[in-house]
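Treat the numbers as computed from the prediction; the structure is a model and nothing was measured. Below, read A as the first sequence line, B as the second, and so on, with proteins coming before strands; counting in each chain starts at 1.
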Amino acid sequence: MKLKQLEGLLGSLEQFSNPKIEFEQYPTGPHIASRMLYTAENSFGDVSDKVVADFGCGCGTLGLAAALLGAEHVVGFDIDADSLEIARDNADELEVDMEFVQCDIRNLSWNGQIINTIVMNPPFGTRRKGADMDFLSVALKVVASESVYSLHKTTTRDHVRRTALRDCNARSAEVICELRYDVPQLYKFHKKKEVDIAVDLWRFVPQGKQ
Amino acid sequence: MRLLTHNMLASNIKGVANGFPLKIEVGQVVEKHVDLNPEFLKNMFAKLDYKVLVEASKTMGYADLPEQAEPSMLESEDFLRKLNHALLELHLEEGALVCPETGRKFPVNKGIPNMLLHEDEV
C-alpha cells in the first residue's frame, strides 16, 4: 500500500465526539499516523505478519494503520469504553480485524512475550505529569519483544532519551523524524483555533527479557 | 476476542500471585475466517502457552487440537490449520474472563474484555 493511500484511508476514520480531558484524548491525525506506521513497516519490517499492540488506542488510528499494512494480529488497549466503541466501528468500516481490551495500561498483567511491536501516541502528560513515560515504561519493560514506536513532544527529547535508557529498559532510543502535530481546538481551555506542536517519532528497542 | 489475546492477558488484582491463565466463561462464540500464514504460526508457536490454548479452545467448543505438540508438527498443514483456527478464528463475543485465584469476573461484551480494576483491587 502506498503512503498516500494509507493516509487517505485513515483520514476517513471517525474521531472522538466528546473528548475527555482527564485522559488527554487528542486524535492522532492521518498525516502523522500514516508516516509512523509506513516507516515502521518499510524501514524496519516491524508491522506485516507481526503481533502489534496500540497502547491508549483511542479511536484506533495507529492500530488500524498497522492492520492495513498487514499486521497479523492487532490489539488496541484503552481505558475509555466510548473510544473503544468508535474504534470498533472504524475497524468494521475499514473491514480489517482489530481486537480491543478495555484496561488501564499501568494496571494490566501480561503473560509471555507474544507482542512484537507496540505503537502509541501516549498522553503527553500535560494533565498528569509523567503519563507518557508510564506508558513507555510498561511497553519496554513488560510487553514488547522487538520494538516500540511512540510520539513525544520535541521539547522533551533529552528527558525521553535519558529516561528510556536509564529507567525503562531500552537498549536503544532513536528519533526517526520530527513531525508537526495539529492540535485542533477541542477543549474549552484552548484559546487558539488550532496549534501546531513539534513531536518526535521515536523507535525504541527493549533489552532482551527472557 | 481471539484466543491469541487470551494467551497474553493475566489478572492483575492486588495480592494475586498467579493470575494466568484466565478461565473463560462462554456466552457466545463467533468464527471469522483468517488466511493461513504458516510463518506467523511458527513464530507464535514458540511464544505461546500451548497447553493454555488447548484448554481455552475446548472451552470454546473446539476440541481438535492435539493435547501435546512439538515444533516438528508445524510441518503438517493439518496441524497448522487447527492452530490457525484455535488461535485466530475463534472469537469470544460474549462471556467473561475469570481470575483463577479470586474468581473475579471480567466481562466480555461485543468481543471486548473489560479488565479495569475497582479502586480496592489496585
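- If you measure heavy-atom distances from B:L117 to chain A, the contacts under 4.5 Å come from the side chain alone.
- Within the 4.5 angstrom heavy-atom criterion, only side-chain atoms of B:V34, from C-beta onward, approach chain A.
- Only the backbone of B:D35 comes within contact range of chain A, judged by heavy atoms closer than 4.5 Å.
- A donor-acceptor contact shorter than 3.5 Å is absent between the side chain of A:T156 and the backbone of A:H152.
- Neither side chain, A:D46 nor A:N116, offers a donor N or O lying under 3.5 Å from an acceptor on the other.
- Both the backbone and the side chain of B:N114 have a heavy atom closer than 4.5 Å to some heavy atom of chain A.
- Expressed to the nearest 0.5 Å, how far CG of A:N121 lies from CD1 of A:I32 amounts to 7.0 Å.
- Of the atoms belonging to A:E72, heavy atoms from both backbone and side chain fall under 4.5 Å from chain B.
- Contact of B:T5 with chain A is made through backbone and side chain together, with heavy-atom distances under 4.5 Å.
- Neither the backbone nor the side chain of B:L87 comes within contact range of chain A, judged by heavy atoms closer than 4.5 Å.
- Residue B:M44 touches chain A through its side chain alone, counting heavy-atom pairs closer than 4.5 Å.
- Aromatic ring centres of A:W202 and A:F135 lie farther apart than the 6.0 Å criterion allows.
- The contact between A:V75 and chain B is made entirely by side chain atoms (from C-beta outward), counting heavy-atom distances below 4.5 Å.
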